[in-house]
Each structure stands twice: as structure tokens, then as C-alpha cells.
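No experiment lies behind these values; they were computed from the predicted model shown. Side chains included, hydrogens not; waters and symmetry mates left out as well; all remaining heavy atoms used.
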Amino acid sequence: MTGRHPDGESDAARLARWVSEPERLTTRLDGLDPSARAALAASVADRLLPNYLRFHEHTGRGEPSVLRRALDDVWNRLHHGSPIDIVPLGVDCLEQTPLGPDNLADFSTVVTGNAVYAVWAVTGALHCAVHGRVLEVVHCLRYGRSIAMVIASARSDGTEPGRAELQDPLVQREVRRQLLDLEALETVGPTTETLAWLRRSTTDP
């Protein structure tokens, strides 16, 4: 997925437009079946979960198994229609959020900040699986881009992430993956084959 597309739009322009036109994104998400929205959110959350594992390994804090179980429940609902007891599970997930001295989400380091985004993405996917709201998917997609931009910024000059990071290969890979996932769901919906494809390795381009 590089170069120019059939409509003449360059790959770089297409990726930038994905980030800069939230109204267009919302319209496309609104056209999806609720289960397709949940699948898109779960796909992002699965890619972000390793960031929480890294936080746990560095600090010994949190319980990654809680987030993994929540995501497994989301996928089981998508595959088999299994019920989700969202209140206790959602509370358990949010309790994994790294907190700072002010008892607010801790964005003081790249590791803790990305762990926060991972928790929020899993919780968002959980809510989307039950409620199917567009806004929850929009948040999950943004968390995926935010983590990529933070990492890109940290490995460059340490400045706050901004438009320049959109040119970073890591950021472009995440945005490209989001586009591919959305296009697959728009084309064929959340079939068994599509769900399996969405869960493929997080290292895939």
C-alpha cells in the first residue's frame, strides 16, 4: 500500500487525511455494523496491549492478565456472541491505569503514558463490543496513533509529538493498518475470516 492510489491520491496524502479529517472518519464508522466497529476497536487494542506488558515488566505494577481477559471476551463476543459482564470487567480494566502522585493518569514517561493508552484502548473496545458507539472507536484509533507518535518523538529529539511525527515509519504503519482494517470491514464485514485477519501479528505492516 504505497505510491499512488487509483483516485490519484498519494499514499502520504491519504495517511495525512485519515488523521486530519475526523468528520470523514466518523461518517465511515457510522456506516459500519456495530460488531464491525467493535472489531476495529479490538484490533487496535490488541496492538497496544504489548505496551502495557512493557510497563508491567519495567515497574512490576498492574495486572496484564486483566486486560488480556477483557480483550478475549471481546473477541469471543464477536466470534460466538458470548455475553460480557461489562460493569465489573470494565472497572477491573480501568483499575489497571497507571496513576501519578496526583491520582490522575500518569503520562510522566513514555512507558507509563503508553500503558495508559493501552488500558483506555482495551476499555474502549470492551464498551464498543457492548454498545457499538462510533465515538468509542474514534478514541481507540486515536490511542493507536498517539502511542506511535509518542514513540516516534522519543526516539528522535524528545520533543512533544506533532505533525512532523506523521512522517515517521512507525506512525505511518499504524495509520496504514487502521485504514486497511477499516476497508476490510467496509468491504466484507466482520466475517470469521476477517476477524482472524484483524488479529494477525502486531508486527505485520
SB check Asp73 Arg77 (cutoff 4.0 Å)
no

Presence of salt bridge, Arg199 and Asp72, under 4.0 angstrom
yes

Taking a hydrophobic cluster as the set of Ile, Leu, Val, Met, Phe, Trp and Tyr residues connected by side-chain heavy atoms closer than 4.5 Å, whether directly or through intermediates, do Leu53 and Tyr117 fall within one such cluster?
no

Determine whether a donor-acceptor pair (N or O, by modelled atom type, separation under 3.5 Å) exists between the side chain of Thr112 and the backbone of Pro98.
no

Between atom CD of Gln178 and atom CZ of Arg47, what is the distance when rounded to the nearest 0.5 Å?
6.0 Å

Side-chain H-bond candidate by donor/acceptor type, Arg69 with Ser65, under 3.5 Å:
no

I need the minimum non-hydrogen distance between Leu126 and Ala70, along with the two atoms involved.
CD1-O, 4.1 Å

So which heavy atom on Arg37 is nearest to which on Leu29, and how close?
NE-O, 2.9 Å

Side chain to side chain contact (heavy atoms under 4.5 Å, CB included) partner of Cys128, the single match among Val137, Val74, Val134, Thr123:
Val137

Geometric class of the Trp75/His79 ring pair [parallel <30°, tilted 30-60°, perpendicular >60°]:
tilted

Side chains of Leu198 and Leu185 in contact at under 4.5 Å (non-hydrogen atoms)
yes

Minimum heavy-atom separation for Pro190 to Ser35, with atom names?
CG-OG, 3.3 Å

Distance in Å, Glu136 CD paired with His131 NE2, rounded so as to fall on 0.5 Å steps
6.5 Å

Does Tyr143 reach the side chain of Leu48, with side-chain heavy atoms less than 4.5 Å apart?
yes

Rounded to the nearest 0.5 Å, how far does CG of Leu182 lie from OG1 of Thr187?
9.0 Å

Verify same cluster id: Leu89, Val87 (apolar side-chain graph, 4.5 Å)
yes

Closest non-hydrogen atom pair between Ala148 and Glu174, with its separation:
CB-CB, 4.2 Å

Supply the atom-to-atom distance Tyr52 OH to Leu67 CG, rounded to the nearest 0.5 angstrom.
6.0 Å

Atom NE2 of His58 and atom OG1 of Thr109: how far apart are they, to the nearest 0.5 Å?
9.5 Å

Taking the side chain as C-beta and beyond, is there a heavy-atom pair between Asp181 and Val44 under 4.5 Å?
no

In short, Ala105 meets Val116 closest at the heavy-atom pair CB-CG1, 3.9 Å

I'd like to know if Arg68 and Asp46 make a salt bridge, using a cut-off of under 4.0 Å between side-chain N and carboxylate O.
yes

Heavy atoms only: give me the nearest Cys93-Val66 pair and the separation to one decimal.
N-CG1, 4.0 Å

Which value, rounded to the nearest 0.5 Å, describes the distance between Leu71 atom CG and Leu49 atom CG?
6.0 Å

Pairwise side-chain contact, Arg133 with His139, heavy-atom cut-off 4.5 Å (strictly under)
no

Would you call Asn114 and Arg54 a side-chain contact if the rule is heavy atoms closer than 4.5 Å?
no

Where do Leu40 and Leu141 land on the side-chain contact (heavy atoms from CB on, under 4.5 Å) test, with the steps shown first?
CA-CA 8 Å; Leu40 185 59; Leu141 294 169; 4.2 Å; yes

